[in-house]
Amino acid sequence: MARESGGLIWMNGKLVPYEDAKIHVLSHVVHYGSSVFEGIRAYATPGGTAVFRLDRHVQRMLDSCKIARIACPYGYEDLMHAIRETVRANGGGACYIRPVVYRGFKTLGVNPTGVPIDVAIACLNWGKYLGKDALDHGISVRVASWHRQAPNTFPAMAKTGANYLNSQLIKLEAVADGYEEGIALDVWGYVAEGSGENIFLVRGETLYTPTIANAILPGVTRDCMFTLARDMGLEVREEQIPREMLYISDEVFFTGTAAEITPITQIDRIPVGTGAVGPVTRKLQNAFFEIVEGRGRDRHGWLFPVEPRGKVQRAAKKAR
Ligand code: PMP
């Protein structure tokens with residue numbers, strides 16, 4: 001893929017060239033953020049291209065549609081198939097996949113009744129979201145002045161386009177102030193998440209992460225941490241986390257499809273622990289990459305092969 005994207009984009013069941021994947025400027029989504037979307041990664045493994053936790057992402061997209069009252073014209077199996085078809089049509093290999101369900105073009109009133117619902121799937125060439133250096137050495141973040149949304153305002157559990165003005169404000173503020181990312185607190189002042197990442201704190205043998213009632217997106221990578229930590233005999237607690245816990249934790253890290261497992265080494269210019277990436281973060285990061293890059297056994301069934309089955313098995317056999 002030559003540009004950020006390129007190749008073919010799946011639109012309402014057809015693969016169209018990148019340049020032709022356009023919508024009308026009066027589409028409902030342009031004005032009101034009426035969309036739900038996903039961010040999914042495909043990894044190049046020795047056994048072929050594999051989409052990471054495709055089932056969870058598709059399910060979350062349909063859950064988001066349900067919350068947003070968007071009747072997605074494609075079901076679970078259709079989307080599972082369409083996403084893999086799009087990756088395949090673009091030549092496979094590592095990529096960031098962006099499916100989006102959006103209210104299209106008919107009338108511009110806020111009431112979306114009768115406005116068509118369209119679906120697109122693109123593959124982007126994103127690489128490491130916060131930089132390779134971020135994964136190795138960690139990042140410096142600030143606590144955002146913007147809070148996450150209050151309960152019963154915008155649905156935090158839905159990955160809707162409209163929610164992402166909040167994320168943009170958090171990110172823009174952090175970058176303008178010389179930080180890589182921001183940590184948003186919820187409306188009560190408890191730790192919530194980054195602009196596009198969940199957050200974990202480590203103290204001793206215990207991991208802490210905010211609950212789904214703290215205005216977070218229930219992250220797929222967050223869910224992986226529960227499993228990998230359990231594999232390592234570490235306890236994970238979903239709790240309300242006061243801001244000051246950030247400053248006295250041994251280790252803090254972000255999780256997300258784009259950010260993967262990114263260590264945080266400084267918060268508000270205060271070093272986290274020793275100020276270097278800690279051993280628990282590194283262990284979880286290594287365990288994660290071992291699975292997604294196909295170097296370890298996919299013991300939790302997280303990889304969804306893109307190539308037809310026979311081909312994947314032959315390639316895997318050759319790699320062994
Ligand atoms: N929170 C927000 C606001 C996000 O946009 C994301 C990225 N989808 C996450 C958390 C992490 O979720 P996941 O691990 O499913 O990518």
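Predicted model, so just to flag it, every value in this text is computed and none were measured. First listed ligand is number 1; within each ligand, the first listed atom is number 1.
Checked against side-chain contact (heavy atoms from CB on, under 4.5 Å), A276 has the following partners two or more places apart in sequence or in another chain: T274. Residues meeting the ring-ring contact (aromatic ring centres under 6.0 Å, His included) test with F37, sequence neighbours left out: Y164.
Between the side chains of S145 and E173, at least one donor N or O lies within less than 3.5 Å of an accepting N or O.
Evaluation of the ring pair (Phe, Tyr, Trp, His ring centres under 6.0 Å) test over residues 95-119, restricted to residues two or more places apart or in two chains, returns H24-F105, Y96-W126.
For the ring pair (Phe, Tyr, Trp, His ring centres under 6.0 Å) with F253, the lone residue among F200, Y208, F288 that qualifies is F200.
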Which N/O atoms of ligand 1 sit under 3.5 Å from a protein N/O, and at what distances?
unit_1: ligand 1; atom_1: 1 (N); unit_2: E193; atom_2: OE1; d: 2.8
unit_1: ligand 1; atom_1: 5 (O); unit_2: K159; atom_2: NZ; d: 3.2
unit_1: ligand 1; atom_1: 5 (O); unit_2: Y164; atom_2: OH; d: 2.4
unit_1: ligand 1; atom_1: 8 (N); unit_2: K159; atom_2: NZ; d: 2.8
unit_1: ligand 1; atom_1: 14 (O); unit_2: V220; atom_2: N; d: 3.3
unit_1: ligand 1; atom_1: 14 (O); unit_2: T221; atom_2: N; d: 2.9
unit_1: ligand 1; atom_1: 14 (O); unit_2: T221; atom_2: OG1; d: 2.6
unit_1: ligand 1; atom_1: 15 (O); unit_2: R60; atom_2: NH1; d: 2.8
unit_1: ligand 1; atom_1: 15 (O); unit_2: R60; atom_2: NH2; d: 3.0
unit_1: ligand 1; atom_1: 15 (O); unit_2: V220; atom_2: N; d: 2.7
unit_1: ligand 1; atom_1: 16 (O); unit_2: T257; atom_2: N; d: 2.8
unit_1: ligand 1; atom_1: 16 (O); unit_2: T257; atom_2: OG1; d: 2.6

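Judged by the 6.0 Å distance and 45° axis criteria, R148 is not positioned over the aromatic ring of Y190.
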